[in-house]
Amino acid sequence: MTAVSTRSWTASQPLRGMPKRKTDSQEMLQLGYLFAVSAAAGCNTWQPQIDEGVDVLLSHTSAAHLSNQAWLHIQMKATGASGSKQASRISAKMSRKRYNELRDPNVTFNKIVVIMHQPTSQAKWISAGQQNLVIRHCAYWVSLRGLPEPPGSGDYVTVTAPLSNVFDDVELCRLMAIVGQGGVL
């Protein structure tokens, strides 16, 4: 048996894993946020095994829906950009191909983009106490359905969501109520 180094780690210097795979960790944080919101809204979640422009599918069951179940497809994006405190929108990059798929008005299911603002420092993503677990910062939603072709010819476009479209459990219930009655987002 070999001796193991017992370097002492403190709460101010935790040993975080996967430093070269921060993007993967950002996606996990987004999923955690989305799953928490979905659970509080009473939704069921699915993750497609093949990437076809939808990161998570949500279903919401209620006798108030036309067919007892409403479905919503979600494409997630993240940004660490802080922007101005007076800003009214949040932005993230998306491939032009994906953008064009999501803006198609002739789709079977409603699709939205959820953009999560995350602190750039992984150490600031969450904090926990005996009363709560806080996830920083917030996510916002936008529907691209029916939007025009974006200008330019680059491979990526900027997608923006209004800060008034906070993606929380109450808003998700409202969206599902619209979808459940045959509405379009």
For Ala139 and Val114, the nearest pair of non-hydrogen atoms, with its separation, is CB-CG1, 3.7 Å
Taking all atoms of both residues into account, what is the closest heavy-atom pair of Ala40 and Asp169, and its distance?
-> CB-CB, 3.6 Å
Out of curiosity, does Met28 fall in the hydrophobic cluster containing Leu133 (side-chain heavy atoms, cut-off under 4.5 Å, transitive links)?
-> no
Lys93 meets the salt bridge (Lys or Arg N to Asp or Glu O under 4.0 Å) criterion, sequence neighbours left out, with none
Between Asp55 and Ile74, is any pair of side-chain heavy atoms under 4.5 Å apart?
-> no
Who passes side chain to side chain donor-acceptor pair (under 3.5 Å) against Asp24, sequence neighbours left out?
-> Arg21
Cluster check Ile115, Trp125: I/L/V/M/F/W/Y, side chain < 4.5 angstrom = no
Sorted by chain and number, sequence neighbours left out, side chain to side chain donor-acceptor pair (under 3.5 Å) with Asn110 holds for none
Do Gln26 side-chain atoms and Ala78 backbone N/O form a donor-acceptor pair below 3.5 Å?
-> no
Quick one: pull up CG in Asp155 and OH in Tyr99 and give me the separation to the nearest 0.5 Å.
-> 15.5 Å
Output for pair (Cys138 SG, Gln118 CD), nearest 0.5 Å, gives 11.5 Å
Under 3.5 Å: donor-acceptor pair, side chain of Tyr33, backbone of Ile135 = no
Could you tell me which non-hydrogen atom of Ala161 sits nearest to which non-hydrogen atom of Val142, and how far apart they are?
-> CB-CB, 3.8 Å
Pairs satisfying ring-ring contact (aromatic ring centres under 6.0 Å, His included), at least one member in residues 138-184, at least two apart | none
Hphob cluster co-occupancy, Ile112 + Val159, side-chain heavy atoms under 4.5 angstrom | no
For Arg136, all residues meeting side-chain contact (heavy atoms from CB on, under 4.5 Å), sequence neighbours excluded | Pro119, Ser127, Val134
Just jot down the salt bridge (Lys or Arg N to Asp or Glu O under 4.0 Å) partners of Glu52, sequence neighbours excluded, or say none.
-> none
Once you round to the nearest 0.5 Å, how far does NE2 of His117 lie from OG1 of Thr120?
-> 8.0 Å
Going through the checks in order, is the side chain to side chain contact (heavy atoms under 4.5 Å, CB included) test met by Leu144 and Gln75?
-> CA-CA 11 Å; Leu144 303 180; Gln75 169 70 49; over 6 Å; no
Could you list the donor-acceptor pairs under 3.5 angstrom formed between side-chain atoms of residues 174-182 and any protein atom two or more places apart in sequence or on another chain?
| residue | atom | partner | partner atom | Å |
| --- | --- | --- | --- | --- |
| Arg174 | NE | Glu171 | OE1 | 3.0 |
| Arg174 | NE | Glu171 | OE2 | 3.4 |
| Arg174 | NH2 | Glu171 | OE2 | 2.9 |
| Gln181 | NE2 | Ala64 | O | 2.3 |

Indicate, with yes or no, if Leu72 and Met116 share a hydrophobic cluster defined by side-chain heavy-atom contacts under 4.5 Å among Ile, Leu, Val, Met, Phe, Trp and Tyr.
-> yes
Residue pairs involving residues 37-48 (criterion salt bridge (Lys or Arg N to Asp or Glu O under 4.0 Å); sequence neighbours excluded) | none
Pairing residues for Lys97 by the side chain to side chain donor-acceptor pair (under 3.5 Å) criterion, not counting sequence neighbours | Glu101
Does Val107 reach the side chain of His73, with side-chain heavy atoms less than 4.5 Å apart?
-> no
Least distance between heavy atoms, His60 atom then Cys43 atom | CD2-SG, 3.7 Å
Do Leu29 and Ile126 pass the side chain to side chain contact (heavy atoms under 4.5 Å, CB included) test, and can you show the C-alpha distance, the side-chain angles, and the key distance before you say yes or no?
-> CA-CA 9 Å; Leu29 179 65; Ile126 67 167; 4.1 Å; yes
Can you name the nearest heavy-atom pair linking Leu163 to Ala87, along with the distance?
-> CD1-O, 3.2 Å
With ILVMFWY side chains joined below 4.5 Å, transitively, what does Leu57's cluster contain besides itself?
-> Trp46, Val54, Trp71, Phe109
What pairs with Asp51 under salt bridge (Lys or Arg N to Asp or Glu O under 4.0 Å), at least two apart in sequence or on another chain?
-> Arg98
All heavy atoms of Ser38 vs all of Leu58, minimum pair found to be OG-CD2, 3.3 Å
Please step through side chain to side chain contact (heavy atoms under 4.5 Å, CB included) for the pair Thr160 and Ser91, ending with a clear verdict.
-> CA-CA 4 Å; Thr160 62; Ser91 302; 2.9 Å; yes
Salt bridge (Lys or Arg N to Asp or Glu O under 4.0 Å): pairs with one or both residues in residues 102-130, sequence neighbours excluded | Arg103-Glu149
Is any side-chain heavy atom of Gln47 closer than 4.5 Å to a side-chain heavy atom of Phe35?
-> yes
Do Thr61 and Gln69 pass the side chain to side chain contact (heavy atoms under 4.5 Å, CB included) test, and can you show the C-alpha distance, the side-chain angles, and the key distance before you say yes or no?
-> CA-CA 4 Å; Thr61 303; Gln69 207 167 44; 3.2 Å; yes
In terms of hydrophobic clustering (I, L, V, M, F, W, Y; side-chain heavy atoms under 4.5 Å; direct or indirect links), are Met76 and Val113 co-clustered?
-> no
